[in-house]
Every structure is written in C-alpha cells, then in structure tokens.
Number of protein chains: 2
Amino acid sequence: MITVEEILRKQDLRGTACRRFIINGLLESDRALSENELKGDFPELFDRVTFYRTLITLEEHGIIHKIVLNDNSVKYALNSHHQNENNLHSHFHCEECDEVLCLEGKTRFEAELPDNFVSHSVFVVIEGFCADCASHIK
Amino acid sequence: MITVEEILRKQDLRGTACRRFIINGLLESDRALSENELKGDFPELFDRVTFYRTLITLEEHGIIHKIVLNDNSVKYALNSHHQNENNLHSHFHCEECDEVLCLEGKTRFEAELPDNFVSHSVFVVIEGFCADCASHIK
DNA sequence: ACATGTAATGCAACAATGTTGCAAATATAA
DNA sequence: TTATATTTGCAACATTGTTGCATTACATGT
C-alpha cells in the first residue's frame with residue numbers, strides 16, 4: 001500500500017497537514033467523498049479556502065480527481081494508476097444513500113462524434129441504487 | 001415542427017411568458033444553453049427566481065433536461081422523444097468555445113456494476129474540441 | 001540546530017448560484 | 001366576467017467558488 005508521504009514526494013509537493021489529511025481520508029475510503037464528508041468530525045480543522053485550494057493543488061498534480069454529479073454536488077477520489085486509452089472516467093452514484101463509487105476499468109464507451117470533433121476525455125455518471133438501497137427499497 | 005403551445009398543452013402546463021421564452025430559446029438553438037445564454041439580450045426580463053423555478057418545472061414535466069458539466073456549470077436542452085433503453089444521456093462539451101451538443105443515439109455505453117446494483121440512467125459528458133476549435137488550435 | 005527563501009495558510013471580502021416564504025399578479029375554466 | 005388555483009417578483013438567506021494579502025510553516029543548505 002502506497003503511503004501519503006510517498007504520494008506527496010512523488011509529485012514534489014510539500015508535506016502539509018491539510019494535504020495529508022485529505023489524502024489520508026481518501027486512502028481510507030472505498031468511495032468518493034465530498035468536501036464535507038472529507039472534513040468529517042473536524043469541519044473547522046482547516047480554513048475553507050485552504051481546503052479549497054488544497055483540493056485544487058492535489059487535482060492539478062494528478063493525485064485526486066473531482067466528480068461532478070447531476071445535482072451539482074462534487075466528490076473527490078484518488079486517481080488510479082492505470083490510464084485507460086480513451087480517458088474514460090466512470091462513476092456510480094446511488095440516488096438513495098448518495099454514495100459514489102469509481103468504476104475502474106469496468107466500463108466501455110463509444111461515440112460517433114461529428115466530423116473533426118476531438119475527444120480528450122469522457123466522464124460518466126451512472127445514477128441508480130446500490131445493492132443495499134436496492135434491497136431496502138424494492 | 002412542434003410548437004411551444006403544443007409542448008405546454010401536452011404536459012398540462014399553463015402558458016406563461018417565462019415558459020414560452022425558455023422553450024422557444026431551446027427550440028431555436030441546436031445546442032444546449034446555460035441560464036445566461038438563454039436569457040440572452042434580456043437578462044432582466046424575468047426575475048432570477050422565476051427563471052430558476054420555471055427551469056425546475058420544465059424539467060419535472062420532462063420537457064427539458066439539465067446537463068451538469070465538469071466545471072460545475074449547467075446547461076439545458078429540450079428532451080428528445082425517443083427514449084433509448086438504458087436511459088443514456090450523452091453530451092459533447094467543447095473545452096475551448098464552451099458549446100454543448102446533445103449526442104442523440106450516437107453513443108453506446110456498457111458497465112459491469114457490482115452485484116445487485118441497479119442503474120436508472122447514465123449521464124455522459126465528452127470533453128474535447130469541436131470541429132471549429134480543433135482546426136483553429138492545432 | 002538554525003537561518004533563509006519559497007510556498008502554504010488564514011482571514012476578509014466578494015461573486016455566483018441555489019433555495020424558501022409570502023403577498024401580489026395572472027392564467028384558465030366556468 | 002368572475003372565481004380559484006397557479007405563477008410571479010421580492011426579500012432574504014445558504015452554499016460554494018474565488019481572489020488578494022499579510023502571516024506562518026516547510027524544506028534545504030549550512
């Protein structure tokens with residue numbers, strides 16, 4: 001398992017408390033987390049702006065990525081190492097419990113774009129019910 | 001070509017100026033429009049809240065749909081009549097000129113979800129360059 | 001361990017957007 | 001034309017995104 005310090009070192013980023021806090025939170029989670037979910041029991045530990053800028057920094061350095069859901073809410077997850085070829089980023093969002101999962105390499109997408117259009121990356125959000133919620137609700 | 005009045009009538013919605021304005025704007029456009037793009041030269045014609053609530057009403061009645069882009073911005077487009085089977089909503093977003101196109105029926109998506117997960121709908125945003133911007137930039 | 005330059009932080013402030021309640025205005029059906 | 005339910009505009013507030021700047025903390029070389 002890769003450590004927080006390794007992740008920061010690899011990107012030539014200084015080790016700061018806020019960066020460690022965020023990376024740790026995501027390393028320990030099996031799902032994507034919103035800013036508030038990340039802050040958890042320590043909503044005041046860092047200034048709002050620091051948190052905001054740290055998320056930007058981590059994203060710019062390819063450590064995390066942002067997932068924008070259909071309700072305008074935003075979650076973050078660690079980047080996986082394996083880059084797939086058409087730059088496909090797929091996530092599942094449970095409409096009931098709000099959890100978001102990264103669907104690494106388990107999706108396929110094809111599009112016929114108009115002539116001369118160029119695709120750089122593809123973002124997919126599947127909306128539905130996770131296993132738990134599907135069984136409770138039905 | 002279907003008219004604004006037909007669209008409203010079909011959904012048992014009262015004909016109001018704001019509803020007509022929005023539907024008209026989208027009918028006349030070949031691309032998805034943001035709230036400000038819709039307002040165009042008449043940014044003050046309707047109250048901000050009226051516009052906001054009208055968009056919600058139209059979306060709830062299945063007349064329009066919302067497209068949330070990766071930069072948190074939002075655009076709107078008329079719904080197409082043909083419902084595809086896995087409820088796939090695909091859009092192209094030009095990173096340069098910001099235009100958004102609906103890719104009706106020109107995309108295919110498959111996912112292996114974890115056991116017992118249920119998919120209701122799939123939202124795809126392709127980020128890239130449209131033909132015009134691709135030629136200018138390269 | 002310490003000084004130093006660079007980078008990150010916290011604060012204040014503001015912008016944009018989402019959201020609600022309520023009284024006044026308006027659309028439709030009789 | 002009138003009655004009634006719906007829609008509107010206004011005020012107000014919440015949330016999130018964003019910038020500038022003075023202060024503080026980090027990592028490097030000594």
Side-chain angles (χ1 to χ4, degrees), chain A residues 3-25 32-40 42-76 93 98 100, chain B residues 3-25 32-40 42-61 63-76 93 95 98 100:
Chain A
T3 70
V4 174
E5 301 306 325
E6 284 169 346
I7 292 173
L8 289 170
R9 184 75 53 82
K10 198 176 293 180
Q11 295 295 327
D12 272 315
L13 281 179
R14 292 191 177 185
T16 70
C18 189
R19 288 174 186 166
R20 293 196 182 94
F21 182 87
I22 290 174
I23 297 175
N24 244 317
L33 300 176
S34 69
E35 186 169 328
N36 286 333
E37 287 168 343
L38 268 169
K39 286 177 178 166
F42 311 98
E44 308 282 297
L45 184 51
F46 302 101
D47 186 80
R48 202 169 73 81
V49 177
T50 300
F51 219 88
Y52 165 73
R53 285 197 268 226
T54 300
L55 288 167
I56 291 176
T57 301
L58 295 180
E59 192 180 8
E60 283 173 350
H61 283 76
I63 295 175
I64 66 173
H65 64 277
K66 190 180 174 181
I67 303 147
V68 179
L69 300 176
N70 224 243
D71 61 357
N72 302 324
S73 67
V74 177
K75 304 228 181 190
Y76 297 90
H93 178 216
D98 198 45
V100 170
Chain B
T3 70
V4 174
E5 301 306 325
E6 284 168 345
I7 291 173
L8 290 171
R9 184 75 54 81
K10 197 176 295 182
Q11 295 295 327
D12 273 314
L13 280 180
R14 292 188 177 189
T16 70
C18 189
R19 287 173 187 167
R20 292 195 183 93
F21 182 87
I22 290 175
I23 296 174
N24 245 316
L33 300 175
S34 68
E35 189 171 326
N36 286 333
E37 287 168 343
L38 268 168
K39 286 177 177 166
F42 311 99
E44 308 281 297
L45 185 51
F46 303 101
D47 185 81
R48 203 168 71 82
V49 177
T50 300
F51 219 88
Y52 165 74
R53 285 196 269 226
T54 301
L55 288 168
I56 291 177
T57 301
L58 295 179
E59 192 180 9
E60 284 173 348
H61 284 76
I63 295 174
I64 66 174
H65 64 277
K66 189 182 177 179
I67 303 148
V68 180
L69 301 176
N70 224 243
D71 61 358
N72 301 322
S73 68
V74 176
K75 305 229 181 191
Y76 297 89
H93 178 216
E95 291 167 337
D98 198 46
V100 170

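For the numbers below, each heavy atom of this structure counts, side chains included, while hydrogens, waters and symmetry mates do not. First the proteins, then the strands, lettered A, B, ... as listed; each starts at 1. Note that the structure is predicted; figures quoted are calculated from it, not measured.
Per the geometry, CD belonging to Gln11(A) stands 16 Å off P belonging to dA7(C), to the nearest Å. Rounded to whole Å, the distance from CZ on Arg14(B) to P on dT8(D) is 10 Å. Atom-to-atom, CD of Glu35(B) to P of dT17(C) comes out at 7 Å; the value is rounded to the nearest Å. When the P atom of dA16(C) is taken as reference, atom NZ of Lys39(B) falls 12 Å away, rounded to whole Å. Rounded to whole Å, the distance from CG on Asp47(A) to C1' on dT18(D) is 13 Å. A straight line from CD of Glu44(B) to C1' of dT8(D) spans 15 Å, rounded to a whole angstrom. The nearest whole Å value for the distance from the CZ atom in Arg9(B) to the P atom in dA27(C) is 15 Å. Protein atom NE2 of His61(A) is 13 Å distant from nucleotide atom C1' of dA8(C), rounded to whole Å.
By the 30° and 60° cut-offs, the orientation of the rings of Phe21(A) relative to Phe42(A) is perpendicular.
A donor and an acceptor atom never sit less than 3.5 Å apart when one is taken from the side chain of Arg53(B) and the other from the base of dG18(C).
Asn72(A) has no side-chain polar atom (N or O) that falls below the 4.0 Å cut-off from OP1 or OP2 of dT17(C). Distances shorter than 4.0 Å separate none of the side-chain N or O atoms of Thr50(A) from OP1 or OP2 on dA8(C). Between dT7(D) and Thr54(B), no contact under 4.0 Å exists linking OP1 or OP2 to a side-chain N or O. In this structure, Arg19(A) reaches the dA8(C) phosphate: one of its side-chain N or O atoms is under 4.0 Å from OP1 or OP2.
In this structure, Arg53(B) does not pair ionically with Asp47(B), as no charged nitrogen and carboxylate oxygen lie closer than 4.0 Å. Contact check on Glu44(B) versus Lys39(B) returns no salt bridge, with no Lys/Arg side-chain nitrogen under 4.0 Å from an Asp/Glu carboxylate oxygen. Using a 4.0 Å cut-off between a side-chain N of Lys or Arg and a carboxylate O of Asp or Glu, Lys10(B) and Glu6(B) do not qualify as a salt bridge.
Mapped onto DNA chain D by nearest heavy atom, Tyr52(A) and Phe46(B) fall at different nucleotides, with Phe46(B) at the one closer to the 5' end.
At least one side-chain heavy atom of Lys75(B) sits under 4.5 Å from a side-chain heavy atom of Asp98(B).
Looking at the side chain of Thr16(B), the nearest of the listed nucleotides dG10(C), dT18(D), dT7(D) is dT7(D).
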